[in-house]
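Some notes on the structure that comes next.
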Amino acid sequence: MTRRAARILLYGSFTPPDFEYGWLTWLRRRNYTVLPFPRGATVKRLLRSRWPQRIGWRFAPSLLAEIESRSFVEAARQFRPDLVLVVSGNLITSRALAEIKSTTAATLFHFYNEDILNPLNTTTCLRKAVSYYDRFFTTKSFNVDTLALMGSQAVTYVPHGYRDNCHFPVSVDPKDRKRYGSDVVFVGTWERPRARMMEQLDSFNLRVWGNDWQKLPRKSPLRFRVKGRPVYGDELARVFGASKISLSFLRKANRDLHTSRTFEIPACGGFQLSERTEEVLSFFEEGKEIECFSSLDELKDKITYYLKHESPRLRIAASGLERVRRSRYRFTDRLETILNVYSC
């Protein structure tokens, strides 16, 4: 007898660049009954403009969590899910989870792609709720033991991935190369260690795209390289496709050993030059599918070499693209892992 597909209450962000959007689309195509609950939507409806939201986050985060959680509990009561899958539930309280469990008997899963101990990303509300989930999925291998010590009932390490709805090679014309291209590019949020390293790359044709780069010191040589905005979806693919070398810096505040960018760059057909870690090298073969560096001197040497040697650069980019496709590194592949755990 065929098992009925689970009714899933999915909490997350559902704009096309978000992997939760890809999850929602994938689940519906496979005839799952899914109710999406947009993260933060309740708070945004209550506090309609940005400034009240910022004040609330700063001075009354627990109140915002209670507001969001009440609405989430009501959605669960009405929908009666078999599985509640929460992505980045910083606004979902332990009391809400206990109430959902008692009234619906649903299995409670949480997927988190940040460092659970990073106060820049993780709220006290989420840390207190860890033990209320039946299983916690983390993209941080070093968080597995931490989450167990925090009371998690079960923890599974699931790597990052890429979104095949927006990360794929695109055709790049001369206009795109002028608008998006450069010899060396970095796409990501400002962080002091990566900014300081890129300040030493002033002799190269470098462009930087992303958030928070206004934090650069006024005299930083990197200021002239920053495009001043993030890029997503089609634009992100064009940046990687139009640029010769795409840098992949890991975020120190998050203690990253790999990130979603590890997979997004090759998925878009880009040549990836990444900080070297054992995790990165567990996904790609260095010198064949990716290139890596561990110091500023090595970074400069490899940029210089691959700008002069197009054939090996293009060969590595093509092999990286083939690897992500062959190895099932999509975020929907990660979702299948989660659903397989649920089915066991």
Side-chain angles (χ1 to χ4, degrees), residues 8-13 18-20 23 37 39-40 43 57-73 76 81-161 191 250-260 277-279 282 331 334-335 337-344:
I8 300 175
L9 175 57
L10 180 60
Y11 178 93
S13 181
D18 297 308
F19 66 83
E20 300 100 302
W23 283 8
F37 190 100
R39 182 171 56 240
V43 171
W57 274 112
R58 185 177 180 91
F59 297 106
S62 59
L63 176 59
L64 299 188
E66 285 296 331
I67 293 169
E68 180 96 342
S69 292
R70 280 196 217 109
S71 183
F72 191 55
V73 169
D82 302 305
L83 172 63
V84 175
L85 178 52
V86 175
V87 178
S88 300
N90 275 308
L91 286 171
I92 304 301
T93 65
S94 56
R95 182 163 45 189
L97 295 170
E99 191 169 348
I100 291 172
K101 189 75 169 179
S102 65
T103 56
T104 70
T107 299
L108 307 179
F109 281 179
H110 191 284
F111 179 88
Y112 201 47
N113 59 358
E114 306 285 359
D115 181 358
I116 195 70
L117 296 182
N118 184 355
L120 296 176
N121 298 317
T122 311
T123 61
T124 302
C125 176
L126 174 55
R127 286 192 287 270
K128 287 181 177 179
V130 164
S131 63
Y132 287 79
Y133 289 97
D134 295 297
R135 186 172 291 267
F136 211 98
F137 296 86
T138 175
T139 61
K140 311 300 178 189
S141 56
F142 52 84
N143 273 174
V144 172
D145 291 340
T146 301
L147 286 159
L149 290 172
M150 293 172 68
S152 179
Q153 299 178 44
V155 189
T156 299
Y157 163 61
V158 179
H160 283 275
E191 191 179 47
L250 306 176
R251 195 163 188 180
K252 301 302 181 287
N254 235 16
R255 299 187 290 171
D256 286 335
L257 298 176
H258 80 282
T259 69
S260 58
T277 69
E278 289 186 10
E279 275 189 18
S282 72
F331 265 115
R334 310 313 188 197
L335 176 59
T337 298
I338 294 170
L339 293 176
N340 287 337
V341 171
Y342 170 74
S343 298
C344 291

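FYI, the numbering just counts along the sequence from 1. Excluded from the calculations below are hydrogen atoms, water molecules and symmetry mates; all remaining heavy atoms, backbone and side chain alike, are included.
- To the nearest 0.5 angstrom, Leu9 atom CG is 4.0 Å from Phe72 atom CZ.
- Within 6.0 Å of CG on Asp145 lie no more than 12 heavy atoms contributed by other residues, nucleotides or ligands.
- Considering only heavy atoms from C-beta on, Ile92 stays 4.5 Å or farther from His110 through its side chain.
- Looking at Glu114, Glu279, Arg251 one by one, the single match for side chain to side chain contact (heavy atoms under 4.5 Å, CB included) with Asp256 turns out to be Arg251.
- In plain terms, the two heavy atoms of Thr93 and Ala129 that are nearest each other are C-CB, 4.4 Å.
- Atom CG of Leu250 is separated from atom CG of Leu257 by 7.5 Å, given to the nearest 0.5 angstrom.
- In this structure, Phe19 has its ring center under 6.0 Å from that of Phe331.
- Across all non-hydrogen atoms, the minimal contact from Ile116 to Val130 is CD1-CG2, 4.4 Å.
- Across all non-hydrogen atoms, the minimal contact from Val84 to Ala106 is CG2-CB, 4.0 Å.
- Atoms OG and NE2, on Ser141 and His258 in that order, are 8.0 Å from each other to the nearest 0.5 Å.
- Annotation: side chain of Tyr342 is in contact with side chain of Thr107 (closest heavy-atom distance under 4.5 Å).
- Judged by distance alone, the side chain of Asn90 and the main-chain N or O of Asn121 form a donor-acceptor pair under 3.5 Å.
- When all heavy atoms of Ala76 and Pro81 are compared, the pair lying nearest together is O-CD, 3.4 Å.
- Closest of all the heavy-atom pairs between Thr103 and Glu99 is OG1-O, 2.8 Å.
- The NZ atom of Lys140 sits 7.0 Å away from the CG atom of Asp115 when rounded to the nearest 0.5 Å.
- Side-chain contact of Asn118 with Asn254: a donor-acceptor pair under 3.5 Å is present, judged by distance alone.
- The pair Arg39-Glu68 fails the salt-bridge criterion, with no side-chain N (NZ, NE, NH1 or NH2) lying under 4.0 Å from an Asp/Glu carboxylate O.
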Intermediate values then yes/no, side chain to side chain contact (heavy atoms under 4.5 Å, CB included), Ser69 and Leu91: CA-CA 7 Å; Ser69 292; Leu91 286 171; 5.7 Å; no
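- Remark: side-chain polar atoms of Asn143 are not paired, donor with acceptor, to backbone N or O of Thr138 under 3.5 angstrom.
- Interatomic distance, OG of Ser88 versus OH of Tyr11, reported as 8.5 Å (0.5 Å rounding).
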Using a 3.5 Å cut-off and no angle test, enumerate the donor-acceptor pairs between side-chain atoms of residues 148-161 and protein atoms at least two apart in sequence or in another chain.
unit_1	atom_1	unit_2	atom_2	d
Ser152	OG	Ala154	O	3.0
Gln153	NE2	Ser131	O	3.1
Gln153	NE2	Tyr133	O	3.3
Thr156	OG1	Arg135	NH1	2.7
His160	NE2	Thr139	OG1	3.2

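- Note: Phe136 and Tyr112 have perpendicular aromatic rings, judged against thresholds of 30 and 60 degrees for the angle between ring planes.
- Leu83 contributes atom CG, which lies 8.5 Å from atom CG of Leu108 (distance to the nearest 0.5 angstrom).
- With contacts defined as side-chain heavy-atom distances shorter than 4.5 Å, the pair Ile8/Asp82 does not qualify.
- More than 12 heavy atoms of other residues, nucleotides or ligands shown are found within 6.0 angstrom of NZ on Lys101.
- Residues Thr146 and Leu117 have side chains in contact (heavy-atom distance under 4.5 Å, counting atoms from C-beta outward).
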Stepwise side chain to side chain contact (heavy atoms under 4.5 Å, CB included) test for Leu85 and Leu335: CA-CA 10 Å; Leu85 178 52; Leu335 176 59; 3.9 Å; yes
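- Distance alone, capped at 3.5 Å, is enough to place a donor-acceptor pair between the Glu20 side chain and the Ser13 backbone.
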